[in-house]
Amino acid sequence: MAHVLGQNQYGKAENRIVRVSRDSTRHEIKDLNVSVSLRGEFDDVHLTGSNANCLPTDTTKNTVYAYAKEHGIESAEGFAVLLARHFVDDTERGVVHSARIRVEEYAWERIRTPDSSSRFIGSEEVGHSFVRKGQEVRTTEVVYDGDRFRVVSGLKDLVVMNTTNSEFWGYIKDRYTTLQEAYDRILATQVTARWAFGFHGRDDQPEPNWNRSYQQVRRHLLEAFAETYSYSLQQTLHAMGTRVLNNRAEVDEVRLELPNKHHFLVDLEPFGLKNENEVYFAADRMYGLIEGTVHREGVTPVIPVA
């Protein structure tokens, strides 16, 4: 029976890079995890062992670091666009047909130092001390096929909680149902969000302001979570996606994955105490997982389902 080589790709995964900008005494940090994946005319590499069309993965790694030096890193998206364009348009003999660049960005913030006689002179101006900012990770994926770009940005590990303004009742009940209806509960989740841009890079289309767009999308996700009186996490998901689309014209599609971080009231009656929605057990397993996409009418969704 004949065998056929199917879809294949290769590259260098998880290139950890920290780029420090030292243009002034206030240094700037970009901390990225960059993964490169290439598709193209690579059949012979698999079938005959000929590496004539193979760009080494070590070269893709070196390119990431060299581009960080030569071009700097203004934004994760902009850096990924530069890399993807290079691998497709500049690789010898045009053997690379498509490049996918995935980036995770880890945020840092400056350490604020109080007035103190122990502080060295001028330390308040140096601005070179940082602390990792929470657990939230910024993400982006850029795919370029030589004709157009597809940019999907996002975030993960953003933990949020509402201590009230959340209910859950009126659901289907059968003989296996034990969950009690809740009319005032904690709603908490760890947000994974991805959003697709209308940007395709054709006809001299300008790139969005990637950094501002990220901050604004994040702001609208949080504001929708805080301002929605929730009857289910599904309803909150829809409100969050809709809020982004209503306020950010550059975004065409939002996909959210929201695990329900359950908080259960602790029974304090054995101790002669009444628990008035004050003491909870925070469970990390098992959890409900709510997923969904909100997109503009007429737009074909491109964000893959996990």
key: Residues clustered with Leu5, ILVMFWY side-chain links under 4.5 angstrom   = Leu47

query = Apart from Leu289 itself, what residues make up its hydrophobic cluster when side-chain heavy atoms of I, L, V, M, F, W and Y under 4.5 Å apart count as a link, directly or indirectly?
reply = Tyr287

request  = Before giving the answer on side-chain contact (heavy atoms from CB on, under 4.5 Å), spell out for Ile101 and Phe87 the whole-Å C-alpha distance, their side-chain angles and the decisive distance to 0.1 Å.
outcome  = CA-CA 10 Å; Ile101 313 296; Phe87 287 123; 4.2 Å; yes

ask   = Under 3.5 Å, is there a donor-acceptor pair between the Arg212 and Gln215 side chains?
value = no

Asn62 and Thr59 side chains, donor-acceptor separation under 3.5 Å = no

Can you name the residues that form a side chain to side chain donor-acceptor pair (under 3.5 Å) with [X], not counting sequence neighbours?
X      : result
Asp43  : none
Thr164 : Asp184
Ser213 : Glu250

Report the residues that fulfil ring pair (Phe, Tyr, Trp, His ring centres under 6.0 Å) with [X], sequence neighbours left out, ordered by chain and then residue number.
X      : value
Phe264 : His262
Phe271 : none
Tyr65  : none
His200 : none

message = Would you compute the distance between atom CD of Glu291 and atom CG of Leu237 and round it to the nearest 0.5 angstrom?
response =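 Rounded to the nearest 0.5 Å, the CD-CG separation comes to 9.5 Å.
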
inquiry  = Using 0.5 Å steps for rounding, measure from the OG1 atom of Thr192 to the CG atom of Leu155.
reply    = 7.5 Å

message = The test is side chain to side chain donor-acceptor pair (under 3.5 Å); show your working for Thr236 and Ser230 and say whether it passes.
response = CA-CA 6 Å; Thr236 299; Ser230 179; 2.8 Å; yes

List the atom pairs, with distances to 0.1 Å, where a side-chain N or O of residues 297-306 and a protein N or O form a donor-acceptor pair under 3.5 Å, not counting sequence neighbours.
none

message = On a heavy-atom basis, which atom in Ala80 and which in Val103 lie closest, and how many Å separate them?
response = CB-CG2, 4.2 Å

message = Show the nearest heavy-atom pair for residues Phe197 and Pro208, with the distance to one decimal.
response =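 Closest pair (atom of Phe197, atom of Pro208, distance): CD2-CG, 4.3 Å.
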
ask   = What do the steps show when you test Arg219 against Gln216 for side chain to side chain donor-acceptor pair (under 3.5 Å), and what is the final call?
value = CA-CA 5 Å; Arg219 176 173 74 87; Gln216 291 299 309; 2.8 Å; yes

Aromatic ring pairing Tyr171/Phe168, orientation class (parallel under 30°, perpendicular over 60°, tilted between) =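 Taking Phe168 first and then Tyr171, their aromatic rings lie parallel (interplane angle under 30°).
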
message = Can you pull out every side-chain hydrogen bond (donor to acceptor under 3.5 Å, both in side chains) where at least one residue sits in residues 9-19? Sequence neighbours excluded, please.
response = Gln7-Gln9, Gln9-Ser37, Gln9-Arg39, Lys12-Thr57, Arg16-Asp31

message = For Val151 and Glu207: C-alpha separation, side-chain torsions, deciding distance, then whether side-chain contact (heavy atoms from CB on, under 4.5 Å) applies.
response = CA-CA 10 Å; Val151 181; Glu207 295 183 25; over 6 Å; no

ask   = Which residue pairs pass the salt bridge (charged side-chain N to carboxylate O under 4.0 Å, His left out) test when at least one of the two sits in residues 253-262, sequence neighbours left out?
value = Arg194-Glu257

